[in-house]
Amino acid sequence: MKKSVIKEKIAQSFMAIAIVAVLILVVSIIWTIFSRGFSCITWEMVTSLPGGGFYIGKEGGFLNAIVGSLYIVLASTAIGLLISIPIVFYLNVFLKETSKFAYIARLAFDVLFGIPSIVYGAFAFTLMIYLGLKTSLLGGIIVTTLLIIPIFIRSMDEVAKTFPKDLLEASFSLGATRLETLGIVVRQIAPGIATATLLSVGRAIGDAAGVMFTAGFSDSIPTSFTQQAATLPLSIFFQLSAPQIEVQNRAYAAALVLTIIVLVISLLGRFITNHFSKNRLK
Amino acid sequence: MNKLRIIKDRATGAIMATITIVALLLVIVMGIGLYLKSAPIFAEHSLWDLLTASSWRPFKNEFGFLPFFMGTIWVTLIAIAIALPLSLLTAIYLTEYAHRIVKRFVFPALDILASLPSVIYGVWGTLIIVPWISDTLAPHFVDFSAGYTTLAAGIVLSIMVLPLLVSLFVELFSSVSDELRAASYSLGSTRWQTAISVVTKKSLPGIFAAVVLAISRALGETIAVLMVCGNLPQIPHSLFDACYPLPALIANNYGEMLSLPLYEAALMFAALILFFVVLLFNVTSRVILYRIEKQQ
């Protein structure tokens with residue numbers, strides 16, 4: 001056989017190994033979390049608050065963390081959408097394609113996207129001290145909003161960029177202003193907005209390092225913005241560092257809940273992209 | 001009537017521009033905020049001392065960041081060393097070889113990897129990687145290892161940056177024009193030769209940018225690394241030593257730091273360094289990637 005053919009065969013087998021390794025890794029992670037989680041989880045854990053002696057293995061559940069995460073994610077997603085939609089419109093409809101400002105803005109949001117959440121957490125923490133805020137639900141919402149805005153903007157912008165320019169010009173030529181054209185843009189990139197939202201929710205619910213500084217932790221469900229709030233990732237982290245098996249088991253159960261939430265979000269995002277973007281004009 | 005419409009249009013434009021500018025200022029405000037908060041430590045220690053001293057005793061006013069730097073660098077290097085070949089091979093296979101059916105399994109699998117939260121990787125690492133290292137791998141090399149090691153952190157991190165690298169590589173490789181491939185085939189080269197000397201060669205700047213981006217992602221990863229790295233402020237001398245990367249340092253001490261002003265400044269200095277390095281890396285790689293995108 002020729003040398004190049006042998007090389008080809010060797011390379012192909014290496015690639016096959018790489019692909020199989022990736023698939024095995026994914027299966028291993030999901031399998032580990034699911035098998036551990038399902039053997040530990042009980043109905044009580046997801047429906048009740050931590051009781052007395054919770055962290056030494058007594059009864060109770062992590063409903064506080066589930067609800068806390070939900071509060072933070074819902075609020076920050078809503079605020080994030082309100083802030084990022086105007087920015088995406090501004091970049092794509094109001095600014096020209098060759099605009100220097102749009103270039104710098106996109107670069108900046110990409111950079112913000114890359115800043116680690118622990119740095120956001122540290123920064124938000126100093127900001128909160130400056131503003132006289134204590135660690136609270138509000139603090140968690142602020143830092144999570146800051147964290148997901150770049151994700152919102154960059155993923156919506158990717159879709160908005162593919163928006164046909166002819167459609168814009170058709171609207172302008174009928175005498176519509178840029179503001180009035182927004183309706184058409186919204187209708188076209190709606191699936192993109194939905195996917196971006198799911199992406200941000202997934203990132204927001206899984207973030208631990210940011211809320212660690214800012215939302216604190218609490219065994220009860222917060223009733224106002226100034227109270228501390230528990231979050232699922234932190235609840236997993238704290239319970240796993242406990243020496244008692246009972247407490248660790250609850251961490252595995254909480255990990256299962258978090259994984260299921262994230263997987264559902266990810267599947268939903270895939271479904272929307274595949275299903276609703278088919279009639280997009282090219 | 002017409003005037004009102006135009007005024008509305010202008011007003012919205014102005015409002016949107018303001019929101020955009022405010023959001024952009026976040027980068028600058030963040031840098032300044034972290035710098036101001038870490039300023040007290042510069043008053044007592046020189047930058048050079050902070051970076052090169054290796055003794056970390058906050059309550060005795062000794063702030064040597066060297067162990068944390070070495071921890072961060074080691075963990076990141078291991079992660080890239082594992083993830084780079086794996087992701088390159090995967091991406092080449094996906095773009096140059098793979099059948100539709102293979103793609104239908106591999107892409108969703110990578111999607112799952114990308115969507116899993118950091119803490120889940122941490123749980124998986126403590127359940128699978130840590131025992132594997134302490135029971136199976138480490139006994140071949142050292143007398144004893146608890147498993148919570150630099151290597152464990154590196155492995156977990158490598159899997160976390162894998163989906164990012166593969167998706168960037170796939171995008172780069174599939175943007176190489178098919179005419180180039182055809183030219184290469186017509187000269188009698190095999191698929192692998194084409195993949196290596198045409199496709200990856202053409203994408204070399206992009207590969208560089210992607211790796212830099214992955215490094216900056218790895219640098220800031222906190223919870224997963226914190227859960228498996230051992231958290232000992234020492235310079236790791238082997239893969240089986242515990243280490244203590246910068247993000248873990250910040251996260252572990254957020255509660256106690258308020259008791260000592262200089263301690264807080266030291267931790268903010270750690271955050272400032274992370275911010276600065278990640279900023280630099282991100283700007284570099286993004287500018288390269290934009291340029292590639294524009295060329296097409």
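First the proteins, then the strands, lettered A, B, ... as listed; each starts at 1.
Your options are S216(B), A17(B), G122(B), and the one with the most heavy-atom pairs under 4.5 Å with chain A is A17(B). The candidate with the highest count of non-hydrogen atom pairs below 4.5 Å against chain B, out of L25(A), I33(A), T32(A), I29(A), is I29(A). Heavy-atom pairs under 4.5 Å with chain B were tallied for A108(A), S4(A), S266(A), A208(A); the largest tally goes to S4(A). Among L279(B), I15(B), L26(B), L274(B), the residue making the largest number of heavy-atom pairs under 4.5 Å with chain A is L26(B). Most heavy-atom pairs under 4.5 Å with chain A, from the set V27(B), V22(B), L127(B): that is L127(B). Per-residue counts of heavy-atom pairs under 4.5 Å with chain A were compared for F281(B), F105(B), Y97(B); the largest is that of Y97(B). Here A18(A) is the residue among A18(A), S84(A), A176(A), A21(A) with the most heavy-atom pairs under 4.5 Å with chain B. Looking only at heavy-atom pairs under 4.5 Å with chain B, the residue among V27(A), I118(A), I17(A) that has the most is I118(A).
With a threshold of 4.5 angstrom between heavy atoms, I30(A) approaches chain B through side-chain atoms but not through N, CA, C or O. Within the 4.5 angstrom heavy-atom criterion, atoms from both the backbone and the side chain of A209(A) approach chain B. Residue P108(B) touches chain A through both its backbone and its side chain, counting heavy-atom pairs closer than 4.5 Å. At a 4.5 Å heavy-atom cutoff, A195(B) makes no contact with chain A through either its backbone or its side chain. Contact annotation for I149(A): neither backbone nor side-chain heavy atoms come within less than 4.5 Å of a heavy atom of chain B. With a threshold of 4.5 angstrom between heavy atoms, L116(B) approaches chain A through its backbone and through its side chain. Only the side chain of R270(A) comes within less than 4.5 Å of a heavy atom of chain B; its backbone N, CA, C and O stay farther away. For a residue to count as touching a neighbouring chain, one of its non-hydrogen atoms must lie under 4.5 Å from one of that chain's; by this rule L182(A) touches chain B with the side chain only. Proximity to chain B (any heavy atom under 4.5 Å) is restricted, for L263(A), to the side chain, taken from C-beta onward. With a 4.5 Å cut-off on non-hydrogen atoms, F123(A) touches chain B through its backbone and its side chain both. S28(A) touches chain B through backbone and side chain together, each having a heavy atom under 4.5 Å away. Proximity to chain B involves both the backbone and the side chain of I115(A), based on heavy atoms less than 4.5 angstrom apart. For Y130(A), no part lies near chain B; criterion is any non-hydrogen pair under 4.5 Å. Both the backbone and the side chain of Y93(B) come within less than 4.5 Å of a heavy atom of chain A. Of the two parts of L86(B), the backbone and the side chain both hold a non-hydrogen atom closer than 4.5 Å to a non-hydrogen atom of chain A. For V29(B), the parts sitting under 4.5 Å from any heavy atom of chain A are the backbone and the side chain alike. Both the backbone and the side chain of R191(B) have a heavy atom closer than 4.5 Å to some heavy atom of chain A. Contact annotation for T222(B): only side-chain heavy atoms (C-beta onward) come within less than 4.5 Å of a heavy atom of chain A. The parts of R106(A) that come within reach of chain B are both its backbone and its side chain, each placing non-hydrogen atoms under 4.5 angstrom from that chain. Looking at V278(B), only its side chain comes within 4.5 Å of chain A, counting heavy atoms on both sides. Looking at T126(B), the atoms closer than 4.5 Å to chain A (heavy atoms on both sides) all sit in the side chain, from C-beta outward. There is no contact between L272(B) and chain A, counting heavy-atom distances below 4.5 Å. I120(B) touches chain A through backbone and side chain together, each having a heavy atom under 4.5 Å away. Of the two parts of F276(B), neither the backbone nor the side chain holds a non-hydrogen atom closer than 4.5 Å to a non-hydrogen atom of chain A. Proximity to chain A involves both the backbone and the side chain of I19(B), based on heavy atoms less than 4.5 angstrom apart.
Residues that satisfy the side chain to side chain donor-acceptor pair (under 3.5 Å) test with R154(A), not counting sequence neighbours, are D110(A), D157(A). Remark: Q248(A) pairs with no residue by the side chain to side chain donor-acceptor pair (under 3.5 Å) rule, at least two apart or across chains.
Note that R286(B) lies outside the cation-pi zone of F109(A), set by a 6.0 Å cut-off to the ring centre and a 45° limit from the axis.
Within residues 236-243 of chain A, the residues having any heavy atom less than 4.5 Å from a heavy atom of chain B are, in residue-number order, I236(A), F237(A), F238(A), L240(A). Residues of residues 30-38 of chain B lying within less than 4.5 angstrom of chain A, judged on heavy atoms, are M30(B), L34(B), K37(B) in numerical order.
The number of heavy-atom neighbours closer than 6.0 Å to NZ of K161(A), taken from other residues, nucleotides and ligands shown, is above 12. Around CZ of F14(A), the count of heavy atoms belonging to other residues, nucleotides or ligands within 6.0 Å does not exceed 12. Around CG of L174(A), the count of heavy atoms belonging to other residues, nucleotides or ligands within 6.0 Å exceeds 12.
Between P233(A) and I223(B), every side-chain heavy-atom pair lies at or beyond the 4.5 Å cut-off. When side chains are defined from C-beta on, F89(A) does not count as touching T20(B), because their heavy atoms never get closer than 4.5 Å. Under the 4.5 Å side-chain criterion, counting only non-hydrogen atoms from C-beta, T177(A) is not in contact with K8(B). Side-chain atoms of T190(B) and K7(A), non-hydrogen and from C-beta on, never get closer than 4.5 Å to each other.
I92(B) CD1 to Q12(A) CD: the interatomic distance, rounded to the nearest 0.5 Å, is 12.0 Å. Considering CD1 of I128(B) and CZ of R36(A), their distance stands at 8.0 Å, rounded to 0.5 Å. With values rounded to the nearest 0.5 angstrom, Y90(A) atom OH is found 6.5 Å from I21(B) atom CD1. Note: L24(B) CG to F101(A) CZ = 5.0 Å, rounded to the nearest 0.5 Å. Once rounded to the nearest 0.5 Å, the distance linking CG of D9(B) with OG1 of T181(A) reads 8.0 Å. The CZ atom of R10(B) lies 7.5 Å from the CZ atom of R178(A); values are rounded to the nearest 0.5 Å.
Between W192(B) and E8(A), the shortest heavy-atom contact is N-OE1, 2.8 Å. Considering every non-hydrogen atom in both A122(A) and M268(B), the closest pair reads O-CE, 3.7 Å. Between V262(A) and S115(B) the shortest heavy-atom distance is CG1-O, 3.0 Å.
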### Task
Output, in order, the C-alpha distance, side-chain angles, deciding distance and verdict of side-chain contact (heavy atoms from CB on, under 4.5 Å) for F113(A) and N282(B).
CA-CA 9 Å; F113(A) 177 50; N282(B) 261 282; over 6 Å; no
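Ring centers of Y290(B) and Y103(A): under 6.0 Å apart, within the cut-off.
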